[in-house]
Amino acid sequence: MVLDDNSPTSVGAMAYMWRWYQGLMVRHPWKVQITTAGSFVGVGDIISQQVVEHKGLRNHDRARTAKMMLIGFAFVGPVIGGWYRVLDRLVPGTTKTVALKKMALDQDYRDTLMANYYIWPAVQIANFYFIPLQHRLAVVQCVALIWNVYLSWKSNKK
């Protein structure tokens, strides 16, 4: 299959969407971060129901997806996004040492499941070292998509 610049699946379209997202981040960073978080939590639940649990579209629990999205919009986006701002003020900079310090503080803050230690320390070191503050929540939400699938499946297991 050959993709050209006019194809909606082309690299050009992806670049356009990324520039559009970047523009929104400049104009409305907080709103975009919260919307991104809620959307990714919801997508994680959809993937959990459809791919992991094999519920099918007829048996998809829409209320569950809405509840998960609400958690993303009301908790994950504001609280974790705010936490990243606090971390940036507490430990300014982007050196390797600073990234390690931020990761350590982040893991103490988010003492949830032992399973998180398999993924989050490495993600957060890279996030705090390579990623600008305004994009950290989006990066985490991309990785959290997989984490949300797991959490949704685990918390809704019968």
**Message:** Do M68 and F73 sit in one hydrophobic cluster, given that two such residues count as connected whenever their side-chain heavy atoms are within less than 4.5 Å of each other, even indirectly?
**Reply:** no

**Complete:** Here the pair of heavy atoms bringing N127 nearest to V140 is ND2-CG2, 3.2 Å

**Fill in**
The reported gap from CD1 in I34 to NE2 in H28 (rounded to nearest 0.5 angstrom) is 13.0 Å

**Message:** So for atom CG, which belongs to L57, do other residues, nucleotides or ligands contribute more than 12 heavy atoms lying within a distance under 6.0 Å?
**Reply:** no

**Asked** How close do G72 and A37 get, heavy atom to heavy atom, and via which atoms?
**Response** O-CB, 3.8 Å

**Request:** Apply side-chain contact (heavy atoms from CB on, under 4.5 Å) to V76 and Q141, showing your working.
**Result:** CA-CA 9 Å; V76 175; Q141 287 307 305; 3.3 Å; yes

**Item:** Linked, directly or transitively: W147 and V123 (ILVMFWY side chains, under 4.5 Å)
**Value:** yes

**Complete:** Rounded to the nearest 0.5 angstrom, the CG-CZ distance for L133 and R89 is 9.0 Å

**Minimum heavy-atom distance S48-R64, with the two atoms named** = OG-NH2, 3.4 Å

**Prompt:** Linking I/L/V/M/F/W/Y whenever any side-chain heavy atoms sit under 4.5 Å apart, do Y129 and I119 land together?
**Reply:** no

**Fill in**
Sorted by chain and residue number, the salt bridge (charged side-chain N to carboxylate O under 4.0 Å, His left out) partners of D88 (sequence neighbours excluded) come out as K102, R136

**Request:** List the steps and the verdict of side-chain contact (heavy atoms from CB on, under 4.5 Å) for V86 and W83.
**Result:** CA-CA 5 Å; V86 169; W83 172 240; 4.1 Å; yes

**Request:** May I ask whether I146 and V51 are part of the same hydrophobic cluster, defined by side-chain heavy atoms of I, L, V, M, F, W, Y residues being less than 4.5 angstrom apart, directly or through others?
**Result:** no

**Message:** Can you give me the closest heavy-atom contact between V98 and P92, atom names plus distance?
**Reply:** CG2-O, 3.6 Å

**Prompt:** Heavy atoms, side chains only, cut-off 4.5 Å: are V52 and V149 in contact?
**Reply:** yes

**Prompt:** What pairs of residues pass the side chain to side chain donor-acceptor pair (under 3.5 Å) test when at least one of them lies in residues 31-44, not counting sequence neighbours?
**Reply:** Y21-T36

**Message:** Strictly by salt bridge (Lys or Arg N to Asp or Glu O under 4.0 Å), give each pair with a member in residues 14-25 just once, sequence neighbours left out.
**Reply:** none

**Asked** Between V26 and Q134, is any pair of side-chain heavy atoms under 4.5 Å apart?
**Response** no

**Prompt:** Does M103 share a hydrophobic cluster with I131, counting links as ILVMFWY side-chain heavy atoms below 4.5 Å and allowing steps through other members?
**Reply:** no

**4.5 Å side-chain heavy-atom contact, P132 and M25** = no

**Request:** Please state whether the rings of Y84 and F128 are parallel, tilted or perpendicular, taking 30° and 60° as the class boundaries.
**Result:** perpendicular

**Message:** Rounded at 0.5 Å granularity, tell me how far CD in Q22 sits from CZ in R27.
**Reply:** 11.0 Å

**Message:** Between K96 and L100, does the side-chain contact (heavy atoms from CB on, under 4.5 Å) criterion hold? Intermediate values first, please.
**Reply:** CA-CA 6 Å; K96 290 176 186 175; L100 284 169; 5.5 Å; no

**Prompt:** Is a side-chain donor or acceptor of Q50 paired with a backbone partner of G56 at a separation under 3.5 angstrom?
**Reply:** yes

**Request:** Specify the closest pair of heavy atoms between M69 and G42, including all atoms of both residues, with the distance to one decimal.
**Result:** CG-CA, 3.2 Å

**Complete:** Partner of T65 under side-chain contact (heavy atoms from CB on, under 4.5 Å), picked from L70, D45, V41, is D45

